[in-house]
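Below is one structure, written out as structure tokens; the observations come after it.
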Amino acid sequence: MRIRTAAIAGAALCLAATLLPASPAHAAGTVAPAVQINRDFPDPDIVFDGTTWHAYATSSGGIGTVPHATAPGPAGPWTVVGNALDHKPAWARANHGFWAPDVSQRPDGSWLLYFTGRHTASGRMCLGAATAASPNGPFVPTSEDTPLVCNADEGGDIDPSSFVDSDGKRYLLYKNDGNAVQQPAILWLQEVDATGLNFIGDRTELLRNSAPTDQGVIEAPTLVKRPEGYVLFFSAGVYTKGTYHTSYARSATLRGTYTRAYRPLLTTETVDGAVNGPGGQDVIDNRIWFHGHLAQGGRGMYTAKLGWFGGNPVMRGSRVRYEAERGKLNDCVVRASSTASEGEVVAKIDNPTSWVESTVHVPVGGDYTVHISYAAGYGDASQALSVNGAKPVTVNYPDRGWENWTEVSVNVRLREGANTLRLTHLSRWAEIDQLEVA
């Protein structure tokens, strides 16, 4: 759930894209996130040591272990190689596993592991630390008797995450587990010294479980610095359910205020059911890793490409919505609609000179699917869809009635970065609510 460095290179903007008919021989459509570890491997944390990629996970099948996997590249193949932790510290309950590990390299070249364990004395989840000379471990606990962070009166603490800013300052992020005791669940930022073990100053609240979509739970902070500011990824909802999801919030400064995205980045619905309950994310090198429920049980590790536009992340295989009324319009109008997304649609796209244009962004070149939400009530209608002025294809809109927003999908081939989609009137009449690209 963590990020190792302060900045990630932005997605390049390209000037050309090609639209092809929906044909398996050409544009195949949406590429779903790929499962990398098809067994229980929740809350994956990823690091790269210069030659090998490493992943660490919540305990699976063994009490007191930190599962460790390696791969030659970020997209695998991944092999689970064993336990990264040398032993369970005395403060941690013997019959309980470890949650949500975080591994990062320190300035002296050594490696630091943060982990979550059940504190025997308080009964609450608390944060511990361990160190090793190599990301392979074994990581030896830094304290046998005392957790690193343990606020039992706040419900305990979980989901540690390390972040190093562009000025070299190091921080620990974590969540107090308030939802376990009917208190606020808050994501905290705490400056630490170069060792990662000593606190500097007071902690800062970044975000709490205040949105209805949180379902009372917010957790798993991952912080990224972009040229436009800071992006705080987080998971929300109940992790055992399909409604668990990944979202983000943005701030111009490290300590906030963080403003939530209008829609989550990654849900079961935005990936059209390809992953169930996606969360516990980590972000490195324009790629996101996360877990999802497996059909055989447990939560496997998935990955997908990640790109950026205007400081906002976009993920390969997860739908991004673009409201038609926010695009460029010609010879058409915006009207209010109580049944449409965000209450407005583009109407009167009725003439040969009528068109709606949206600029969409994708993290990597390849095949995508454009989902168009429309309404047509006076017979079947059609429009021409083109990308950056290339040869258009016809999109047909069956008559389903006005205010009955219906989705049609077109497979396209796009280039990395910005692409312009234009819908132009062809026959009869259709209104456009929004487009989604995945």
Whether Arg316 engages the ring of Tyr368 as a cation-pi pair (distance to the six-membered ring centre under 6.0 angstrom, angle to the ring normal within 45°) should be assessed.
yes
So do the side chains of Asp177 and Asn179 get within less than 4.5 Å of each other, counting heavy atoms only?
yes
In the structure I gave you, are the side-chain heavy atoms of Asp272 and Arg319 within less than 4.5 Å of one another anywhere?
yes
Taking the basic N atoms (NZ, or NE/NH1/NH2) and the acidic carboxylate oxygens, is any pair closer than 4.0 Å for Lys225 and Asp165?
yes
Classify the side-chain pair Glu323/Ser341 by whether it contains a donor and acceptor separated by less than 3.5 Å.
yes
Do the side chains of Arg263 and Glu436 get close enough for a salt bridge, i.e. N-O under 4.0 angstrom?
yes
To the nearest 0.5 Å, what is the distance between CD1 (Ile288) and CE (Met315)?
6.5 Å
Between the side chains of Trp188 and Asn176, does any donor sit under 3.5 Å from an acceptor?
yes
Is there a side chain to side chain contact (heavy atoms under 4.5 Å, CB included) between Glu431 and Trp405 once you walk through the steps?
CA-CA 9 Å; Glu431 297 180 342; Trp405 303 104; 3.8 Å; yes
Please give me the minimum heavy-atom distance between Val408 and Val395, naming the atom from each residue.
CG2-CG1, 3.8 Å
Donor-acceptor pair, side chain of Thr268 and main chain of Asn276, under 3.5 angstrom
no
Between the side chain of Gln190 and the main-chain N/O of Gly201, is any donor-acceptor distance below 3.5 Å?
yes
